[in-house]
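Just below is one structure, and these are the notes that go with it.
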Amino acid sequence: MAFDKALDDKFETSTASPVILNHRYLDDEQLSKDEQLQALKEIFEQNIRQKEIDALVAYLRPTLRGQHPPHISLLGKAGVGKTATALLILSHLQQVAQRKGVELRYEHLDLTTPRPCFRAMNDLACLLDASKRYTKGISIDEMAGRIEDKLSGYKGYLVLFVDEIDHVNTDMDNTFLKFLVRRLPQAIPAKLILIFASNRLGWRQNIDSRVKSFLKVNDIIFDPYNAVDLQKILRVRVTKALNAGMVDAGVVEKIAGLASREHGDARKAVELLSNAALIAERQGTRVRLETVDAAYEALETNSYLEFVKCGPPHLQAVLYAAILCLEDSEKHAVTEDIYNFYSKVCDEAGLSQLSERRVYDLLLELELYGYIRSRKVSLGRHGRRKEMKLLIPPTVISQLKSRIQEHLKG
DNA sequence: TGTCCACAGGAAATACGGGGGT
DNA sequence: ACCCCCGTATTTCCTGTGGACA
């Protein structure tokens, strides 16, 4: 009886004042394409990315007069709205073109994770419905042929928005880019406009010069969002997804401040908001400033652990060795020290050891992800070495250790 | 001031895996 | 069943270099 009553109470208190009203608006993945566009419009209505939008529109306008605009490259860090802006403008452009009787279509090739040229090509073929999905086995030329066949009947404009172009692993002569820039425009009747997006400003630096000379591009650079922009973006989410009455004053400002100081990444800012809301909902409280702190910390811990889950076993073993070697000494360690620990870890886990050179590279990788930091030290005529130390917050270390142990056993 | 160690880190070679064509 | 193609991981090999020491 008392238990029933207690459960009743629990349901009552948690439904009395919900924090989250519409879950889906905290995660773009869950929104339909139209809903996404609608949300984007609301954000861009507030004078965000005006400069970039104007530039993009100016570059694309010639299509409506039947001229051929140059290719475009959108540059800027992750989460600064490159994709969002491009999709919004392209969908609008398509509508306008339709009204004016100009034949125009656009495709969004999203290369979210790094992939070889072959897969990029295959993805493009799938996007255009020109081929089924292959993992391997078919030649790249064959794939190119199928794409060309598929497009052979289309004579209008074709805007190909290649998102995260730098994720295509560059083979020695940039097969994928060469195809897009040199071969495809020759092979099909359509007027091809390429729009590239990339996180790395210099993605064109290390491409083949013969391709480069064909690649006339206009750059549009996206700066990271500032705190004011982020506030506007977050407010839209708050009104769409949350019970605004349950969000304390200053929460949005605080998240925007944190995010703008660290990365200016809107996606991460929304993720932080979403996490804070989830925590508040679970605890049955309002979203307070302290909730934001808790969410921030949870996200940080989580990112350390998440990486372990998907990393290859040897990387985990090296990380584990690095932790064992470095956790309780203020002293720095050198590559060899960690390699010794790594050997032991491999023995215990039944892994075959990798060469020291390889482990050296894995350590570099760990450094890239912020687990360790290294410093080059010269000892004069006694050669040179690299000293490393752990950067993982002490609170995370024990969780991390047990997580890796599980993984290496399983 | 020049020497020269010992390692960082680049480059090329090699092994490997896995799927499709025939 | 065998061969070919492509991409990735790892090994092997080698060069270049910062700076304490003679």
Side-chain angles (χ1 to χ4, degrees), chain A residues 109 111-126 130-150 162 164-180 183 202 205-209 211 307-322 325-326 331-343 345-347 349-369 371-389 407-408:
Chain A
L109 179 61
L111 309 168
T112 37
T113 52
R115 63 197 62 192
C117 149
F118 178 87
R119 263 198 65 200
M121 205 74 161
N122 189 218
D123 287 340
L124 176 59
C126 292
S131 155
K132 64 170 179 153
R133 183 159 298 280
Y134 290 90
T135 29
K136 265 155 200 176
I138 185 180
S139 85
I140 285 182
D141 251 13
E142 167 72 19
M143 197 82 74
R146 290 192 194 183
I147 291 172
E148 287 159 9
D149 286 348
K150 185 74 188 179
V162 188
E164 316 270 338
I165 177 76
D166 48 327
H167 277 170
V168 181
N169 294 356
T170 49
D171 51 351
M172 57 291 172
D173 42 59
N174 303 94
T175 319
F176 185 62
L177 259 188
K178 203 152 129 194
F179 171 72
L180 284 182
R183 180 168 161 181
Q205 243 59 79
N206 44 14
I207 62 177
D208 194 282
S209 54
V211 179
F307 173 73
V308 169
K309 217 164 44 183
C310 47
H314 280 289
L315 190 62
Q316 296 182 24
V318 173
L319 177 57
Y320 193 68
C325 181
L326 295 161
K331 257 188 5 196
H332 303 254
V334 297
T335 320
E336 200 189 344
D337 300 336
I338 295 181
Y339 189 73
N340 291 336
F341 275 92
Y342 163 79
S343 303
V345 174
C346 281
D347 272 352
L351 287 167
S352 56
Q353 278 185 46
L354 298 177
S355 65
E356 197 164 343
R357 179 69 182 82
R358 181 70 189 122
V359 169
Y360 174 81
D361 277 346
L362 291 176
L363 283 169
L364 284 183
E365 208 170 314
L366 287 179
E367 187 169 1
L368 186 73
Y369 288 109
Y371 286 83
I372 57 179
R373 169 174 303 159
S374 72
R375 192 165 60 100
K376 277 171 251 171
V377 181
S378 172
L379 287 85
R381 73 174 4 185
H382 299 295
R384 303 152 75 178
R385 54 170 38 170
K386 199 153 88 157
E387 296 182 340
M388 286 166 248
K389 74 182 212 200
H407 266 266
L408 289 180

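OP1 or OP2 of dT11(C) sits under 4.0 Å from a side-chain N or O of S355(A). Distances shorter than 4.0 Å separate none of the side-chain N or O atoms of S378(A) from OP1 or OP2 on dT17(C).
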Between the protein and nucleotides 11-16 of chain B, which nitrogen or oxygen pairs come in under 3.5 angstrom?
none

List, with names and distances, any nitrogen or oxygen atoms from the protein found under 3.5 Å away from nitrogen or oxygen atoms belonging to nucleotides 1-4 of chain B.
| residue | atom | partner | partner atom | Å |
| --- | --- | --- | --- | --- |
| dT3(B) | O2 | R381(A) | NH2 | 3.2 |
| dC4(B) | O4' | R381(A) | NH2 | 3.3 |

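E356(A) and Y339(A) get closest at one heavy-atom pair: CA-CE1, 3.6 Å.
Separating the CG atom of N122(A) from the P atom of dG20(B) is a distance of 11 Å, rounded to the nearest angstrom. The distance between atom CZ of R375(A) and atom P of dG18(C), rounded to the nearest whole Å, is 16 Å. Atom pair L354(A):CG and dT10(C):P shows a separation of 5 Å (rounding to whole Å applied). In this structure, the CD atom of E387(A) is 11 Å from the P atom of dA8(B), given to the nearest Å. For the pair L364(A) CG and dG10(B) C1', the computed distance is 12 Å after rounding to whole Å. Y360(A) has its OH atom 19 Å from the P atom of dC13(C), to the nearest Å. Nucleotide dT17(C) holds its C1' atom 17 Å from the NE2 atom of H382(A), rounded to whole Å. Between the CE atom of M143(A) and the P atom of dC5(C) there is a distance of 15 Å, rounded to whole Å.
L326(A) CG to D337(A) CG: the interatomic distance, rounded to the nearest 0.5 Å, is 8.5 Å. In this structure, C346(A) SG and Y320(A) OH are separated by 12.5 Å, a value rounded to the nearest 0.5 Å. Atom NZ of residue K389(A) and atom OG of residue S374(A) lie 11.5 Å apart, to the nearest 0.5 angstrom. Here the OG-CG distance, from S343(A) to L351(A), works out to 11.5 Å after rounding to the nearest 0.5 Å. For the atom pair L315(A) CG and D361(A) CG, the distance stands at 11.0 Å (nearest 0.5 Å).
With dT12(C), dA8(B), dG19(C) as the candidates, the nucleotide lying closest to the side chain of K376(A) is dA8(B).
Between E387(A) and the options R375(A), K376(A), R373(A), a side chain to side chain contact (heavy atoms under 4.5 Å, CB included) holds for only R375(A).
Remark: E336(A) does not engage R385(A) in a salt bridge, criterion side-chain N to carboxylate O under 4.0 Å.
A donor-acceptor contact shorter than 3.5 Å is absent between the side chain of Y342(A) and the backbone of H314(A).
Residues R384(A) and L379(A) each lie close to DNA chain C; by heavy-atom proximity, the contact nearer the 5' end of the strand is made by R384(A).
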